[in-house]
Amino acid sequence: MNQKNKGLVSLAIMVVFTLVLIFGSNSIYKGIKNFGRKSATTMTPGTYTSTQKGFGGDITVTMECSDAFIEDVQIVGDAETPGLGAVAVAELGGKMLDEQTPNVDGVSGATVSSTAIIAAANDCLTQAGADIAAMDEYAKAHKKEVKKTAETLDTDIVIVGAGGAGMTAAIKAKQAGKEVIIIDKMPYVGGNTTKASGGMNAAGTDKQKAQAEATEDPDEKAALLDSTVENYIADTMEGGHNINDPELVKTMAEKSADAVTWLESIGAPLPVVAPTGGTVHYYLHEPEDGSAVGEYLVERYQETLDELGIEVMLETEATEIIAEDGKAVGIKANSPTKEYTINAKAVILATGGFGANFDMLSSYDSSLANAVTTNTPAATGDGIVMAEAMGADTVDMEQIQLHPTVYQENGLLVSERLRSNGAILVNKEGKRFINDLATRDTVSQAELQQPDAFAYIVYDSKYAEEKLYQKYVANELTVSADTIEGLAEAIGLEGDAAANFVATVEDWNNVCAGKKADDFGRDNGLVTLDQAPFTAIKIAPGIHHTMGGLKINTSTEVLDKSGNPIPGLFAAGEVTGGVHGGNRIGGNAVADIVVYGQIAAESAVNYIGE
Ligand code: ADP
């Protein structure tokens, strides 16, 4: 640097230093940021706060305003779902600052959290006396057009979808020494896996043995000892109406115990074993602290990816598989700023099901056009469509599962675990109507036959401290009372219906006490309802799982219409069909993603070779 330039640099540093002393670094930054920007409104300067109900609890927005601009937005919502609502908490403030309006696009899949944040921000600006309509109009008129740039990346294995199957495959492939790129179209990882509420099925595990040794209850001990790989295969086939691919089921069952051990090795132990709905056996492996398995696993997966240095490319949507001589050799993908060509030696599709694609759903079953779905908006069947364009075959596409206990206002699923813990289903006449733990399709169909096609799930407070149960309270799904009579009244049952309700609970308690056999043949989850307060949630069936999908073999190779593997193309998880047949039993989605996610990685690694 010559003498003259040195002088200029020193002068500039001195000017900045003096300005910082006079005005403070923050206001200089704000001044620079808003330089040249026309103000859309005037406001009363100050700091405003507003609190609204989010998905997991309260969300508070604190907004600092000058006389013309939003200067700072702080959002606190610690109870929002990690990876979903938590993304809205982390991201929307920045968007509001950039766009200078409270009405920014929410985070897709996190509607409740986004809506709460946006409502709170509107409230803050109303308090400040801002002209919000003018701010919106200005923001709309000045929205920046982004010109996308092309970028080419090269890797060993590209994985499409960072739900449970994709993250399992990414970790396993990296552990085997391969380079991986994993992308997801959403601004968060986890997909539907985040919503998995029960546990993971497995048979022949150390946990089952340990719990069988520890329990004092002879029935539980017998059921645990009977929860063998053979019975797991038989129960999964029977639950799936025997249309499942027996080889796929056998592989999942045989590898399930190792999958539990593998999860433990990455810091995600599932030590508590519980009965699996639709069976009399104890396959369901759950986290120790009673949290929902999905959120628990996604958090551990994310940590493991971080430790392995794998960064998920978020908001990056695969649009096409690149084919060369009939082989899959990469993918095309789009992000908000880039058009990617990702060249790879192998492609793993882990894009999940199509439970949120109503065109696709109703093309297989027109009665589903207006149904509620428990799925994230990302479950649109993209992997199926992309692989079909390469000649892939599909199987069981019309097998779409309704989950029987879905809160209809927001599609929130009430876990089967409640029924395993003794909850019962009661109709609006105050009566039970089915073995509450029969398979999901049977219970859903029975509910649809009840007056007004809904039911209440009724439980007591033995498990009230568990995170899962607290979530339903936080989301205001529950109605509670100190007595069964009080609960009947609280949910609006009168006359005969109220009397039936009391008699129904009494009868259930007699079944649990071994005084009589259950009229509906229920023989598991026999836990009395006797600890006040008592709670009910109004539920009905909702779209839950698409059992059909890409046809694969036990090595997860995607098969073409002649039954031959498409070289270089592998698939795992809900994007595939055949594992669950005509009905998936609870706990098998997680078994599927962990077992087949690992196999997909192993097969891709073998395919690539050294
Ligand atoms: P699984 O249980 O089989 O792992 P999930 O639903 O948990 O399925 O995860 C599937 C993931 O795939 C979701 O995170 C979803 O956002 C992602 N996904 C779906 N389609 C695409 C696509 N076209 N490009 C990138 N990611 C996708």
Side-chain angles (χ1 to χ4, degrees), residues 196-209 211-212 215 217 219-260 270 272-286 293 396 399 401-405 415-421 434-446 518 520-526 544-545 547-548 554 573-574 576-596:
S197 60
M200 167 179 164
N201 284 338
T205 66
D206 293 346
K207 317 286 172 212
Q208 285 164 320
K209 279 181 216 132
Q211 194 160 315
T215 181
D217 176 346
D219 292 340
E220 182 180 337
K221 189 189 280 291
L224 275 158
L225 292 175
D226 219 20
S227 302
T228 57
V229 170
E230 292 67 34
N231 281 332
Y232 180 26
I233 295 171
D235 286 334
T236 299
M237 291 299 298
E238 196 188 326
H241 309 311
N242 288 302
I243 66 165
N244 330 43
D245 179 332
E247 289 305 313
L248 290 176
V249 173
K250 185 165 173 274
T251 298
M252 180 174 77
E254 286 175 352
K255 296 199 177 259
S256 61
D258 282 351
V260 172
L270 297 173
V272 179
V273 190
T276 293
T279 82
V280 293
H281 294 118
Y282 278 56
Y283 307 120
L284 207 60
H285 290 63
E286 299 169 349
V293 72
D396 295 339
Q399 301 298 335
Q401 180 174 73
L402 296 179
H403 193 291
T405 54
S415 175
E416 237 139 23
R417 201 193 301 168
L418 272 66
R419 282 170 283 152
S420 295
N421 286 345
I434 186 79
N435 171 357
D436 326 71
L437 275 168
T439 51
R440 289 172 173 179
D441 55 341
T442 306
V443 180
S444 293
Q445 287 311 320
D518 182 37
F520 303 96
R522 177 163 164 186
D523 53 8
N524 60 354
L526 304 181
H544 187 48
H545 193 93
M547 271 81 67
T554 53
E574 199 177 342
T576 69
V579 176
H580 308 293
N583 176 66
R584 176 175 70 73
I585 60 172
N588 268 357
V590 180
D592 183 7
I593 57 182
V594 184
V595 169
Y596 281 109

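Since the model is a prediction, treat every value here as computed from it, not as a measurement.
- For the atom pair His403 NE2 and Arg584 CZ, the distance stands at 7.5 Å (nearest 0.5 Å).
- Nearest heavy-atom pair across Arg417 and Gly198 is NH2-O, 3.3 Å.
- Closest non-hydrogen pair, Phe520 versus Asn435, comes out as O-CB, 3.3 Å.
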- Please report the C-alpha distance between Asp206 and Lys209 in whole Å, then the side-chain angles of each, then the deciding distance to 0.1 Å, and finally whether the side chain to side chain contact (heavy atoms under 4.5 Å, CB included) criterion is met. CA-CA 5 Å; Asp206 293 346; Lys209 279 181 216 132; 3.8 Å; yes
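- Annotation: side chain of Asp523 is not in contact with side chain of Asp518 (no heavy-atom distance under 4.5 Å).
- Interatomic distance, CD1 of Ile233 versus CG of Asn231, reported as 9.5 Å (0.5 Å rounding).
- Annotation: the span from Asp592 atom CG to Thr576 atom OG1 amounts to 5.0 Å, rounded to 0.5 Å.
- Separation of atoms CE (Met547) and CD (Gln401) is listed at 5.0 Å; rounding is to 0.5 Å.
- Val579 and Met252 make their closest contact through CG1-SD, 3.7 Å (heavy atoms, listed as atom of the first residue, atom of the second, distance).
- For the atom pair CD of Glu574 and NE2 of His580, the computed distance is 7.5 Å after rounding to the nearest 0.5 Å.
- Put simply, the residue from Thr276, Asp235, Thr228, Asn524 that forms a side-chain hydrogen bond (donor to acceptor under 3.5 Å, both in side chains) with His281 is Asp235.
- Distance check, rounded to the nearest 0.5 Å: CG of Leu270 to OG1 of Thr205 gives 10.0 Å.
- Residues Asn201 and Asn588 approach most closely at ND2-OD1, 2.9 Å, considering heavy atoms.
- Here the closest non-hydrogen pair linking Gln208 and Ser227 is NE2-CB, 3.6 Å.
- Each of Thr439, Asn583, Asp441 was evaluated against His241; a single residue qualifies, Asp441, per the side-chain hydrogen bond (donor to acceptor under 3.5 Å, both in side chains) test.
- Shortest non-hydrogen contact noted between Tyr596 and Thr251 is OH-CB, 3.3 Å.
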